[in-house]
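These notes concern the structure reproduced below.
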Amino acid sequence: MPRNIKIGDSKVLESRETPDGTMIRRRRITSDGTRFTTYERIELPELTVLKRSGNKEVFDRDKLLTAVRRSVGKFFNSEMEVEQVVNSVTNRLYDLGTAEVTSRQVGEAILDVLAEVNEVAYVRFASVFREFKSLDEFEKIIREQREKKEKK
């Protein structure tokens with residue numbers, strides 16, 4: 001597929017809202033018949049992340065997407081499922097109602113979402129995020145997840 005596709009030189013074939021309602025997916029076609037997909041997302045106000053080192057950086061949804069994809073993406077069946085995880089995490093961070101969040105809050109938001117959608121991805125991410133040093137820590141988090149699941 002050509003890399004120099006210009007959206008202005010294309011026609012929209014179909015528009016659909018994504019299942020979670022956070023984006024609009026558009027199927028497009030250029031005059032030479034090349035088809036491609038674009039996604040339209042609401043642009044949110046800037047959010048700052050306070051890192052453990054004390055540095056601050058602007059929240060980058062694409063960086064979050066890459067991190068989730070790299071760390072637990074293989075536990076999902078499609079790229080759309082990974083997108084939904086990232087959308088949910090992003091929404092939770094903005095729902096905190098502050099202009100600044102800590103990297104710890106970002107990690108905990110990822111864990112909260114993963115706990116709801118994929119148990120194995122949750123345990124894997126937790127083991128890295130919380131820096132597990134023993135099997136006891138794995139057993140504890142698995143036990144906690146089972147207890148939460150039984151309460152539902």
Side-chain angles (χ1 to χ4, degrees), residues 1-10 12-30 34-135 137-138 140-142 144-145 148-149:
M1 180 190 295
R3 297 219 187 269
N4 292 335
I5 295 174
K6 293 184 177 140
I7 292 175
D9 296 338
S10 65
V12 175
L13 296 174
E14 170 190 14
S15 289
R16 244 183 228 181
E17 197 172 288
T18 57
D20 63 1
T22 60
M23 292 185 286
I24 296 176
R25 176 184 178 264
R26 299 193 195 284
R27 291 290 299 148
R28 297 177 167 271
I29 188 167
T30 61
T34 303
R35 292 174 182 247
F36 62 100
T37 303
T38 60
Y39 291 91
E40 195 175 300
R41 185 177 313 120
I42 295 170
E43 189 171 318
L44 298 167
E46 196 171 273
L47 187 64
T48 303
V49 178
L50 177 61
K51 309 293 272 181
R52 288 180 191 174
S53 65
N55 294 334
K56 293 181 181 182
E57 65 181 52
V58 174
F59 174 75
D60 183 348
R61 185 191 178 282
D62 291 332
K63 185 176 176 181
L64 175 63
L65 179 64
T66 301
V68 170
R69 192 183 291 135
R70 238 189 242 142
S71 61
V72 294
K74 63 185 168 194
F75 297 105
F76 294 96
N77 296 320
S78 71
E79 182 63 22
M80 199 60 176
E81 289 180 9
V82 176
E83 283 278 348
Q84 288 171 342
V85 166
V86 171
N87 288 340
S88 293
V89 170
T90 302
N91 290 340
R92 286 173 190 235
L93 295 174
Y94 278 97
D95 287 348
L96 294 173
T98 96
E100 185 175 286
V101 295
T102 64
S103 56
R104 182 141 210 70
Q105 288 173 300
V106 174
E108 292 296 335
I110 294 169
L111 282 174
D112 290 346
V113 172
L114 290 177
E116 295 170 7
V117 298
N118 189 304
E119 296 169 324
V120 176
Y122 169 79
V123 171
R124 165 141 175 158
F125 189 85
S127 70
V128 174
F129 178 67
R130 295 189 177 149
E131 300 173 342
F132 287 4
K133 303 273 189 264
S134 71
L135 288 176
E137 292 171 293
F138 278 97
K140 180 181 177 202
I141 201 162
I142 290 169
E144 288 170 358
Q145 280 305 106
K148 284 180 189 174
K149 197 173 180 180

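All figures in this text were calculated on a predicted structure; none of them were measured in a lab.
- Shortest non-hydrogen contact noted between A126 and F132 is O-CE1, 3.7 Å.
- When all heavy atoms are compared, the tightest approach of L47 to T98 is CD1-O, 3.3 Å.
- In this structure, CZ on R124 lies 5.5 Å from CZ on F75, to the nearest 0.5 angstrom.
- Here the CD1 atom belonging to I24 is positioned 4.5 Å from the CD atom belonging to E40, to the nearest 0.5 angstrom.
- For R25, the salt bridge (Lys or Arg N to Asp or Glu O under 4.0 Å) criterion is met by no residue, not counting sequence neighbours.
- With sequence neighbours excluded, no residue forms a salt bridge (Lys or Arg N to Asp or Glu O under 4.0 Å) with K74.
- No donor-acceptor pair under 3.5 Å is formed between the side chain of N118 and the backbone N or O of L114.
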With a cut-off of 3.5 Å and sequence neighbours excluded, list every side-chain donor-acceptor pair involving residues 105-113.
{"from": "Q105", "atom 1": "OE1", "to": "T102", "atom 2": "N", "distance (Å)": "2.8"}
{"from": "Q105", "atom 1": "OE1", "to": "T102", "atom 2": "OG1", "distance (Å)": "3.4"}
{"from": "E108", "atom 1": "OE1", "to": "R130", "atom 2": "NH2", "distance (Å)": "3.1"}

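- Atom CZ of R16 is separated from atom CE of M23 by 14.0 Å, given to the nearest 0.5 angstrom.
- With rounding to the nearest 0.5 Å, the separation of CG in D95 from OG1 in T90 is 10.5 Å.
- Considering every non-hydrogen atom in both V72 and F76, the closest pair reads O-CD1, 3.4 Å.
- Atom CZ of residue R92 and atom CG of residue N87 lie 12.0 Å apart, to the nearest 0.5 angstrom.
- Partners of R28 under the salt bridge (Lys or Arg N to Asp or Glu O under 4.0 Å) rule, at least two apart in sequence or in another chain, do not exist in this structure.
- Minimum heavy-atom separation, L50 to K56: CD1-CG, 3.8 Å.
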Worksheet item: Is there a side-chain contact (heavy atoms from CB on, under 4.5 Å) between E131 and E137 once you walk through the steps?
Response: CA-CA 9 Å; E131 300 173 342; E137 292 171 293; over 6 Å; no
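- E81 is linked by a side-chain hydrogen bond (donor to acceptor under 3.5 Å, both in side chains) to nothing, counting only residues two or more places apart in sequence or in another chain.
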Fill in: From CA spacing to verdict: side-chain contact (heavy atoms from CB on, under 4.5 Å), R104, F129
CA-CA 9 Å; R104 182 141 210 70; F129 178 67; 3.2 Å; yes
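- Listed by chain and residue number, nothing satisfies the side-chain hydrogen bond (donor to acceptor under 3.5 Å, both in side chains) test with T66 (two or more places apart in sequence, or in another chain).
- Taking a cutoff of 4.0 Å between a charged side-chain nitrogen and a carboxylate oxygen, E83 and R61 qualify as a salt bridge.
- Going from atom OG of S103 over to atom CZ of F59 covers 12.5 Å, rounded to the nearest 0.5 Å.
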Worksheet item: Can you list the steps and then say if T18 with M80 is a side-chain contact (heavy atoms from CB on, under 4.5 Å)?
Response: CA-CA 9 Å; T18 57; M80 199 60 176; 3.4 Å; yes
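- Between F125 and S71, the shortest heavy-atom contact is CD1-OG, 3.7 Å.
- Summarising the local packing, CD of Q145 is surrounded by more than 12 heavy atoms from other residues, nucleotides or ligands at distances under 6.0 Å.
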Discussion item. Please determine whether side-chain contact (heavy atoms from CB on, under 4.5 Å) holds for the pair V85 and E116, giving the CA-CA distance in whole Å, both sets of side-chain angles, and the decisive distance to 0.1 Å.
Written reply: CA-CA 10 Å; V85 166; E116 295 170 7; over 6 Å; no
